[in-house]
Amino acid sequence: VPVAGLAGVTREQFLRDVYPQRKPVVLKGMELGTCTTKWTVDYLSQAEGCKEVKIHVSAVPQMDFLSKNFVYRTLPFDVLVRRAAEDKHKEYFISEDEKYYLRSVGEDARKDIADIRKQFPILAEDVQIPEYFEKEQFFSSVFRISSAGLQLWTHYDVMDNFLIQVTGKKRVVLYSPRDAPYLYLSGTKSEVLDVDNPDLEKYPLFVKAKRYQCFLEAGDVLFIP
């Protein structure tokens, strides 16, 4: 089932018509600041320089948090940005076609929440987060970069989310919380990694889960209730 898309939604319209429905919606034509034009590989590399970042590195495109089929490594931010833009790497940790994923965390990952304004202050100035809620309602803002073709593990987040696609494209597959009994959850992660070709002998109930899908273009914002 395709996720509905809406263009030019004001704060009033969002709070009146979108938010109470508790359904995912792709918001198009949002004013997101200069990030959508400025964030090239060169600009990102230069803007935040060589600060060290902790990343996931995987030899395969499908990352699995339950079996931990990736390793944690550290790279200077500018090196990560350039490597994430490559198909084949001259320098690598595991293999020349390894994939990278940065999910920014706080200073102390166990105590501090992710906040783009603290972890990437220069880049934060380029981003205008949709002002649909009061400032004190925001819990965290997580800056992410990934290699092309990477697929993240199937999971859920406990809070309302705005997923802002700044550059590149992303396919997002969603399931209703009502279908949780069919998703083989272990904590917040699902055992069903390959949602396109699931092992139905292993996960027979998964056929009952109704799938919602969208393709985010640069500048799109996905509201995930």
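Connectivity analysis of hydrophobic side chains (ILVMFWY, heavy atoms under 4.5 Å, direct or indirect) links Phe215 to nothing; its cluster partners are none. Cluster note: Leu205 groups with Ile113, Phe139, Tyr156, Val158, Met159, Val173, Tyr175, Tyr182, Leu183, Tyr184, Leu185, Val192, Val195, Leu200, Tyr203, Phe206, Val207 through ILVMFWY side-chain heavy atoms spaced under 4.5 Å, whether in direct contact or through intervening members.
Looking at residues two or more places apart in sequence or on another chain, you find no salt bridge (Lys or Arg N to Asp or Glu O under 4.0 Å) involving Arg73. For Asp160, the salt bridge (Lys or Arg N to Asp or Glu O under 4.0 Å) test picks out Arg22, with sequence neighbours left out. Contacts of Glu31 classified as salt bridge (Lys or Arg N to Asp or Glu O under 4.0 Å), with partners at least two apart in sequence or in another chain: none. The side chain to side chain contact (heavy atoms under 4.5 Å, CB included) test applied to Val26 returns Val3, Lys28, Cys214, Leu216, Asp220, Leu222, not counting sequence neighbours. For Arg103, there are no salt bridge (Lys or Arg N to Asp or Glu O under 4.0 Å) partners at least two apart in sequence or on another chain. The side-chain hydrogen bond (donor to acceptor under 3.5 Å, both in side chains) check on Asp78 picks up nothing, with sequence neighbours excluded. Residues forming a side-chain hydrogen bond (donor to acceptor under 3.5 Å, both in side chains) with Glu48 (at least two apart in sequence, or on another chain): Lys51. By the side-chain hydrogen bond (donor to acceptor under 3.5 Å, both in side chains) test, Lys23 is found to be paired with no residue, residues two or more places apart in sequence or in another chain being considered.
Proximity of the aromatic rings of Phe143 and Trp39 is defined here by a centroid distance below 6.0 angstrom, and this criterion is met.
Within the structure, every pair that satisfies the ring pair (Phe, Tyr, Trp, His ring centres under 6.0 Å) test and touches residues 46-67, not counting sequence neighbours, is listed here: His56-Phe70, His56-Tyr72, His56-Tyr101, His56-Trp153, Phe65-Trp153.
Salt bridge status for Asp179 with Arg211: absent, with no side-chain N to carboxylate O gap under 4.0 Å.
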Side-chain donor-acceptor pairs under 3.5 Å in residues 79-91, sequence neighbours left out?
from: Arg82; atom 1: NH1; to: Asp42; atom 2: OD1; distance (Å): 3.3
from: Arg82; atom 1: NH2; to: Asp42; atom 2: OD1; distance (Å): 3.1
from: Arg83; atom 1: NH1; to: Glu91; atom 2: O; distance (Å): 3.4
from: Arg83; atom 1: NH1; to: Tyr100; atom 2: OH; distance (Å): 3.1
from: Glu86; atom 1: OE1; to: His89; atom 2: ND1; distance (Å): 2.7
from: His89; atom 1: NE2; to: Glu98; atom 2: O; distance (Å): 2.8

